[in-house]
Visitor: 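My questions will all concern the structure given below.
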Amino acid sequence: MKIIIVGGVAGGASCAARLRRLDEKAEILMVERGPYVSYANCGLPYHVGGSIEKESSLLVATEQMFKGIFTVDCRTNCEAVGISPKRKTVELKNLLTGEVTAEAYDKLVLSPGAAPIRPPLPGIDLPGIFSVRTVPDAKHIREWLDAKQAKRAVVVGGGFIGLEMVENLVHRGLEVTLVEKLSQIMPPLDPEMARLVGRYLSKHGVKQELGDGVAGFRQAGDGALEVLTDSGKAHPADIVILAIGVRPETALAKAAGLELGQRGGIRVDEQMRTSDPDILAVGDAVEVKDFVTGQWTLIPLAGPANRQGRIAADVICGRASRFRGTQGTSICRLFEGTIAQTGASEKTLVRLGDTDFEKIYLYPNSHAGYYPGAKMLVVKVLFRKSDGRLLGAQVLGEDGVAKRIDAFAMAIQMGATVYDLEEAELSYAPPYGSAKDPVNFAGMVAANILCGDMPVAHWNAADGVFVLDVRNPPEIEAEPLAGALNIPLPQLRARLGELPRDREIFVVCRSAVRAYYATRILLQNGLKARNISGGMLARSHQIV
Ligand code: FAD
């Protein structure tokens, strides 16, 4: 059997290596348009920033390794320029000599990835405007930064590649402005969580222009660039990084008559087969089903691309592997902080008209408070009201974020409920967590809501209601809450008579823990009470 793989990085290289492990006899040809295979594109921002100093560190596996260890006919600088599904051939162009040859296949795997979006804006081709996709891109950015002694950068696009570039340019000593067309950065997050990320960026000196798209670029008098925005602003820059998203590379597939999906990616089934059963496709170029919502989606991430490459190899070798769908689990470092999410966001659920969900906000310590160095985590969890199934989680913080998001991610993929989170047995010693881990804690809070022990409320419903603030006087002085009745928690039992019996009472404290105790007291004394999720801490980033 002869298999041709187009694209030699995440999905393609995984597929080639797995194919060889499964079939010693298969003839495998992997072609890659660029000069390197299997490079770490996820490491490119850190190479620009200097934490990964050597370019060679980015080369996870080389052409020689594929040839030597896997006996894969691996060709770099070789572009697939046409597919004939009828004849089962691919036209390959040697980019060094220009020679075009046709190669026959039994099975073809497409893993061409996704290209950075470069809209046809005025001045887009001026020198100094870069996208970040390949090792040569990172090299050119580094050379430009050095040659121009760059001091000011504009990063266009506040997704995870944009934020990683922001961090790395700041790390190199540049003054950075982030321009984002949407009203929030980090689109997979809900806006109130993204707002915290924005504040964090400001704290680190990064200027942000949100809700303002780029209209064009022009050369300024001093030889630098100016980034012009829809609102009429001009941001000076010695370098511009474009990170406004990626588009699946589907030209080959389209020309070959393969079916594309509604989101513009190559349509595949659970076994990564395209509309032609002898052609499979994986990675950023394909549309996949969202594991939580069941909707078709494009999620350009390395984990799914690697898994899909492996599944394609399994399927070619007659195994019954299937892709379960993606839940968009991702993580991004930002200075000392970490941003992570998995599963559905609230805004996605709302967009889909889903009303069978509840949300909670928690602000637990990253590890036992008595052990030095604990940092507050910000956790948002979404779950089904009807059966408690976990739908999504977003976690921000400076310590222990990865540990929690991965627990949530695994729970979502296993179809776990908040009751399962309550019971999860997670690793604990004081430097790492708490005996009641934030993941358990989230399960307990959510389960309390679902079983009626703790009715919940949110700030957007708090206008005009009776609010009981159970914080202590110094806290109230530091952060007053207009219109609320203050009864500190220790006095509550003695002062129940001050509370209305005919109205619902929204209870608030700093983080919703004392308000939970208060809610229990009120409910057991026959009053109607709800705990405002996340308390004053949630208010600080929900109400602006
Ligand atoms: P790629 O890995 O992009 O490989 C596609 C290859 O196909 C390319 O090298 C291309 O040259 C080649 N190709 C295309 N067309 C042809 C053709 N016709 N003939 C021959 N070759 C062709 N994901 C994460 O999960 N975590 C991260 O931290 C992360 N960071 C990232 C940072 C950056 C800067 C970038 C660019 C991406 C990052 N990603 C990250 C995304 C991740 O790298 C991709 O999701 C993943 O590489 C997709 O794998 P793929 O095989 O589909 O495509």
Side-chain angles (χ1 to χ4, degrees), residues 4-16 29-49 52 58 60 74-83 90-95 103 108-117 130-138 141 155 157 159-165 167-168 188 241-243 245-256 265-266 268 272 281-286 288 298-310 312 326 328-333 338-342 402 409:
I4 299 183
I5 300 171
V6 175
V9 190
S14 303
C15 183
L29 165 59
M30 180 167 78
V31 298
E32 167 54 50
R33 181 169 61 192
Y36 306 109
V37 288
S38 201
Y39 60 87
N41 24 22
C42 308
L44 298 174
Y46 303 98
H47 183 46
V48 170
I52 302 174
L58 296 168
V60 181
C74 178
R75 301 183 200 168
T76 51
N77 299 301
C78 179
E79 182 171 11
V81 291
I83 303 169
V90 181
E91 275 180 36
L92 300 178
K93 183 174 183 183
N94 180 325
L95 297 178
E103 289 274 353
L108 175 64
V109 180
L110 301 178
S111 186
I117 295 172
F130 297 91
S131 301
V132 200
R133 182 186 185 188
T134 62
V135 176
D137 289 340
I141 293 171
V155 174
F160 75 85
I161 295 179
L163 291 188
E164 286 176 354
M165 288 306 296
E167 185 204 50
N168 280 288
I241 304 292
L242 274 186
V246 295
R247 189 168 288 135
E249 289 225 21
T250 54
L252 259 187
K254 202 171 168 190
I266 304 172
V268 289
M272 312 318 297
V282 303
D284 289 0
V286 305
V288 287
L298 293 168
I299 300 217
L301 288 170
N306 275 275
R307 296 203 305 282
Q308 292 164 4
R310 190 180 156 92
T326 184
T329 307
S330 62
I331 189 159
C332 175
R333 190 185 72 187
T338 306
I339 306 159
Q341 63 265 316
T342 184

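Read the numbers this way: they start at 1 and go in the same order the structure lists the ligands and their atoms. Nothing fancy with the numbering, it's 1 onward along the sequence.
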Visitor: Could you go step by step and tell me if Phe130 and Met165 meet the side-chain contact (heavy atoms from CB on, under 4.5 Å) rule?
Guide: CA-CA 11 Å; Phe130 297 91; Met165 288 306 296; over 6 Å; no
Visitor: Does ligand 1 have an atom under 4.0 Å from some heavy atom of Cys78?
Guide: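 True for this residue.
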Visitor: Using a strict cut-off of 4.0 Å, indicate which atoms of ligand 1 neighbour a heavy atom of Ala305.
Guide: 48 (C), 49 (O)
Visitor: What protein heavy atom lies closest to atom 50 (P) of ligand 1? Include the residue and the distance to one decimal.
Guide: Ser111 OG, 3.7 Å
Visitor: Students should be able to answer this: which protein heavy-atom is nearest to atom 25 (O) of ligand 1, and at what distance?
Guide: Ala302 N, 2.8 Å
Visitor: Quick one, Thr76 with Tyr36, criterion side-chain contact (heavy atoms from CB on, under 4.5 Å). Give me CA distance, side-chain angles, the key distance, then yes/no.
Guide: CA-CA 6 Å; Thr76 51; Tyr36 306 109; 5.8 Å; no
Visitor: To the nearest 0.1 Å, how far is atom 17 (C) of ligand 1 from its closest protein heavy atom, and which atom is that?
Guide: Val6 CG1, 3.6 Å
Visitor: Work out which heavy atom in Glu164 is nearest to a heavy atom in Cys42; give both atom names and the distance.
Guide: OE1-O, 4.4 Å
Visitor: Report, in ascending order of atom number, the atoms of ligand 1 lying under 4.0 Å from any heavy atom of Tyr39.
Guide: 9 (O)
Visitor: Evaluate the criterion side-chain contact (heavy atoms from CB on, under 4.5 Å) for residue pair Val246 and Arg133; output intermediate values, then yes/no.
Guide: CA-CA 10 Å; Val246 295; Arg133 182 186 185 188; over 6 Å; no
Visitor: Considering non-hydrogen atoms only, spot the tightest contact between Thr326 and Val288 and give its length.
Guide: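 It is CG2-CG2, 3.3 Å.
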Visitor: Suppose we measure from atom 29 (C) of ligand 1 to each protein heavy atom; which comes out shortest, and what is that distance?
Guide: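 Scanning the protein heavy atoms, the shortest distance from atom 29 (C) of ligand 1 goes to Cys42 SG, 3.1 Å.
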Visitor: So, for Ser131 and Ile141, which heavy atoms are closest and what is the spacing to 0.1 Å?
Guide: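 What the structure gives for the nearest pair is O-CD1, 4.1 Å.
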Visitor: Is Ala80 close to ligand 1, meaning an N/O of one under 3.5 Å from an N/O of the other?
Guide: yes
Visitor: I need the atoms of ligand 1 closer than 4.0 Å to a non-hydrogen atom of Pro300, numbered in the order shown.
Guide: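 So the atoms of ligand 1 that pass are 41 (C), 45 (O).
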Visitor: So which heavy atom on Ala80 is nearest to which on Val90, and how close?
Guide: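 Ala80 and Val90 have their closest heavy atoms at CB-CG1, 3.8 Å.
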Visitor: Would you say Asp284 and ligand 1 have an N/O pair spaced under 3.5 Å apart?
Guide: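 N/O-N/O distance under 3.5 Å: yes.
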Visitor: If you look at every heavy atom in Val282 and Gln308, which pair is closest and at what distance?
Guide: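 For Val282 and Gln308, the tightest heavy-atom pair comes out as CG1-O, 3.4 Å.
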Visitor: With atoms numbered from 1 as shown, which atoms in ligand 1 lie under 4.0 angstrom from a non-hydrogen atom of Ala10?
Guide: 2 (O), 46 (C), 47 (O), 49 (O), 51 (O)
Visitor: Which of the numbered atoms in ligand 1 are below 4.0 angstrom from a heavy atom of Leu252?
Guide: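 Heavy-atom distances to Leu252 below 4.0 Å select 18 (N).
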Visitor: Would you compute the distance between atom SG of Cys332 and atom CD of Glu167 and round it to the nearest 0.5 angstrom?
Guide: 7.5 Å
Visitor: For ligand 1, which atoms, with element, lie under 4.0 Å from some heavy atom of Glu79?
Guide: 17 (C), 18 (N), 19 (N), 20 (C)
Visitor: What residue and atom, counting heavy atoms only, is the protein's closest point to atom 4 (O) of ligand 1, and at what distance?
Guide: Val9 CB, 3.4 Å
Visitor: Under 4.5 Å between any side-chain heavy atoms of Val6 and Ile83, yes or no?
Guide: no
Visitor: Which of the atoms of ligand 1 are close to Gly283, meaning less than 4.0 Å from one of its heavy atoms?
Guide: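 Listed by number with element: 52 (O).
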Visitor: Is there a polar contact, in the sense of an N or O pair closer than 3.5 Å, between Pro45 and ligand 1?
Guide: no
Visitor: Going by distance only, is there an N or O of Gly11 that falls short of 3.5 Å from an N or O of ligand 1?
Guide: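 Between Gly11 and ligand 1, an N or O pair is found under 3.5 Å apart.
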Visitor: Considering only protein heavy atoms, which is closest to atom 12 (C) of ligand 1, and at what distance to one decimal place?
Guide: Glu32 OE1, 3.3 Å
Visitor: Report the C-alpha distance between Leu44 and Asp137 in whole Å, list the side-chain angles of each, state the deciding distance to 0.1 Å, and finish with yes or no for side-chain contact (heavy atoms from CB on, under 4.5 Å).
Guide: CA-CA 9 Å; Leu44 298 174; Asp137 289 340; 5.6 Å; no
Visitor: Please determine whether any non-hydrogen atom of Phe160 lies less than 4.0 Å from an atom of ligand 1.
Guide: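 Yes, that is the case, since the closest heavy atom of the residue is under 4.0 Å from the ligand.
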Visitor: Can you report which non-hydrogen protein atom sits closest to atom 22 (C) of ligand 1, along with the distance?
Guide: Arg33 CB, 3.8 Å
Visitor: Write out the residue and atom name of the closest protein heavy atom to atom 43 (O) of ligand 1, then the distance separating them to 0.1 Å.
Guide: Asn41 OD1, 3.0 Å
Visitor: Looking only at heavy atoms, what is the nearest atom pair of Val155 and Gly162, with distance?
Guide: CG1-O, 3.6 Å
Visitor: Return the option from Gly82, Ser38, Pro112 holding the heavy atom at the smallest distance from atom 14 (C) of ligand 1.
Guide: Pro112
Visitor: Looking at Pro45, is its backbone amide N or carbonyl O close enough to the side chain of Asn168 to form a donor-acceptor pair, meaning the two atoms are under 3.5 Å apart?
Guide: yes
